> 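Quick one: the structure is below, questions incoming.
Keep in mind it's a predicted model, so treat the numbers as computed, not measured. Indexing begins at 1, ligand by ligand and atom by atom, following the structure's order.
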Amino acid sequence: MYYKIITYGCQMNEHDSEKIAGMLTGMGYRSIEKAEEADIIVFNTCLVRENAELKVHGKIGSYKPLKEENPELIIAVGGCMMQQKDIAKELYRKHSHVDIVFGTHNLAELPSLIQQIKKGKDRIIEVWDSDRGLIPDVPVKRKNDFQAWLTIIQGCENYCSYCIVPQVRGRERSREPADILNEVNKLIDEGFVEITLLGQNVNSYGQDLEDDIDFPELLYKIATETEIQRIRFMTSHPKDLSNKLINICAAEDNICPHFHLPVQSGSNNILKAMNRGYSREKYLAILDKIRNKIPEAAITTDIIVGFPGETTADFSQTISLVKKASFDMAFTFAYSPREGTPAAKRDDQLPEEEKNARLQKLMKVQNKISYQKNQKLIGQTEEVLITGESKKDPAHFSGRTATNKLVIVPACPDKVGEFVKVKINDAGSWTLYGEFI
Ligand code: 5AD
Ligand code: SF4
């Protein structure tokens, strides 16, 4: 029996797919690339922007003939998009070849839902309204055996005015520090060398726990009480990024010098309307603090253009912030109205063409900055964790620096999962090219 999982969205979703893979493996399924050969296909959906939603509908629709050819095929749809009741019901009605619809909060139920279908139940739609505490631990089948994602906090309570995530991922629920440390130690025993601590906002960690612990303290414990070689974390909300965190990152060698710090906009008016809780000045001051203490740190960000009411002056502020901030990389998005969020109700929405024109302009500015920053690394030696074949060119392999930059190296199948010293010979906006020394 074979499974195929199709994932949309962020790292949290990717990690949820690893949990789905773990559960299916436990049921005796094995992974397969071709949908035509699968016995079960699971969609893990995202609704953070409209185009993610459209893609899901299109892809699910395209699998209808497969189900007609093979009525035994089980098609299940879960993830954030299904956590919106109306959308879930509509999808279930529209795509009659979908057998199971489930949500993010009842992810662990999937095996039992599959069993019910196998026992003859026609179709199932089961989505829990809200979280019932932490999602229970389930087996995880990871993307490789040396890098692991580890959720430390589920949910988000920031209510940025454009964002649907708090509605689908629920309130903030932190995992107990002892459980996290146990899991890190277990992963080390299994041979993992790098962990990425995940949360919509890792800096909120611990606020809901009885223990008096915050994110910097958790990070310190993991860095000093375990033998893990590399620790990453994402995402950090700028409003909660403390000096304590910067100091701990600076002091501990195994904490990677990389901060993903979404700024979203460079205009104070727009930041306020987005309910972000910081100003451009405060944001830039945080970058200064990071770079003072950790000069080699890479800083990446997320930016939205075309938020309702964004004037050309507001947009210029974003461009000017991007130039000042000198990000290593930025994930840039055109604002997408999400039903149920305050920003979607505003009557000063921008036309799509204007949003796209601003997006193109912003990308051009950032690409140049990324290129210039990467060019400065030519001639330097970096420690690279080799991750496998290069996606674009299987004759080469790729890996990641501590700053999370992608490095292309000569083919080296025997070095996958190992740290190697690489001299950087060339650099583009997204990629470094190097040789072993
Ligand atoms: N429109 C466009 N981008 C969005 N993001 C979140 N919600 C929206 C939206 N409605 C972006 C933010 C966030 C990233 C994960 O997705 O930049 O940081
Ligand atoms: Fe969405 Fe803001 Fe929470 Fe990030 S911090 S998930 S953008 S509400």
> Under 4.0 angstrom from ligand 2, any heavy atom of Arg276?
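So Arg276 counts as touching ligand 2.
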> Is it true that Ser336 and Glu50 share a donor-acceptor pair across their side chains at a distance under 3.5 Å?
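On atom types as modelled, these side chains do not qualify, holding no pair under 3.5 Å.
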> Does the side chain of His105 pick up a donor-acceptor pair with the side chain of Asp129 at under 3.5 Å?
no
> Using a plain distance cutoff, I'd like to know if Gln264 has any nitrogen or oxygen under 3.5 Å from a nitrogen or oxygen of ligand 1.
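For ligand 1, there is an N or O atom that lies under 3.5 Å from one belonging to Gln264.
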> Does a side chain donor of either Asn158 or Gln200 reach within less than 3.5 Å of an acceptor in the other side chain?
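Result is no, nothing qualifies.
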> Which protein non-hydrogen atom lies closest to atom 11 (C) of ligand 1, naming both residue and atom, and how far is it?
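Of every protein heavy atom, Arg49 NH1, 3.3 Å lies nearest to atom 11 (C) of ligand 1.
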> Students should be able to answer this: which protein heavy-atom is nearest to atom 10 (N) of ligand 1, and at what distance?
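Minimum-distance protein heavy atom for atom 10 (N) of ligand 1 reads Ser336 O, 2.8 Å.
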> Answer yes or no: is there a donor N or O on one side and an acceptor on the other, between the side chain of Thr301 and the main chain of Leu261, under 3.5 Å?
yes
> In terms of atom number and element, which parts of ligand 1 are under 4.0 angstrom from non-hydrogen atoms of Arg338?
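With Arg338 as reference, the close atoms of ligand 1 come out as 10 (N).
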> For atom 1 (Fe) of ligand 2, report each protein N, O or S atom nearer than 2.8 Å, sorted by chain and then by residue number.
Cys163 SG
> Measuring to protein heavy atoms, does anything land under 4.0 Å from atom 2 (Fe) of ligand 2?
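Within 4.0 Å: yes, protein heavy atom nearby.
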> Please report the closest heavy-atom contact between Pro111 and Met23, naming both atoms and the distance.
CD-SD, 3.6 Å
> Should Thr332 and Val305 count as side-chain neighbours, where that means a heavy-atom distance under 4.5 Å?
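Answer no - side chains too far apart.
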> Under the 3.5 angstrom rule, does the side chain of Arg338 hit a backbone N or O of Leu47 as a donor-acceptor pair?
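Judged by distance alone, yes, a pair lies under 3.5 Å.
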> Looking at Val48, which atoms of ligand 1 are within less than 4.0 Å of one of its heavy atoms?
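Within the 4.0 Å cut-off of Val48, ligand 1 contributes 6 (C), 7 (N), 8 (C), 9 (C), 10 (N).
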> Can we say Arg175 and Glu183 salt-bridge, meaning some charged N sits less than 4.0 Å from an Asp/Glu carboxylate O?
yes
> When you measure from the side chain of Asn201 to the backbone of Ser236, do you find a donor-acceptor pair of N or O atoms at a distance under 3.5 Å?
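Side chain of Asn201 to backbone of Ser236, a donor-acceptor pair under 3.5 Å: no, none is there.
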> Heavy-atom contacts under 4.0 Å between Arg338 and ligand 2: side chain, backbone, both, or neither?
neither
> One thing to verify: whether Glu354 and Arg358 come together as a salt bridge, which I'm taking to mean a side-chain N less than 4.0 angstrom from a carboxylate O.
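Glu354 and Arg358: salt-bridged.
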> Pick one of side chain, backbone, both or neither for how Ala334 approaches ligand 1, counting any non-hydrogen atom pair under 4.0 Å.
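Only the backbone of Ala334 comes within reach of ligand 1.
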> Quick one: do Lys94 and Glu90 make a salt bridge, cutoff under 4.0 Å?
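Answer for the salt bridge query: no.
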> For atom 18 (O) of ligand 1, which protein heavy atom lies nearest, and how many Å away is it?
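Nearest protein contact, heavy atoms only, for atom 18 (O) of ligand 1 is Asp302 OD2, 2.7 Å.
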> So which bit of Tyr162 gets within less than 4.0 Å of ligand 1, heavy atoms only: side chain, backbone, both or neither?
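Both backbone and side chain of Tyr162 come within 4.0 Å of ligand 1.
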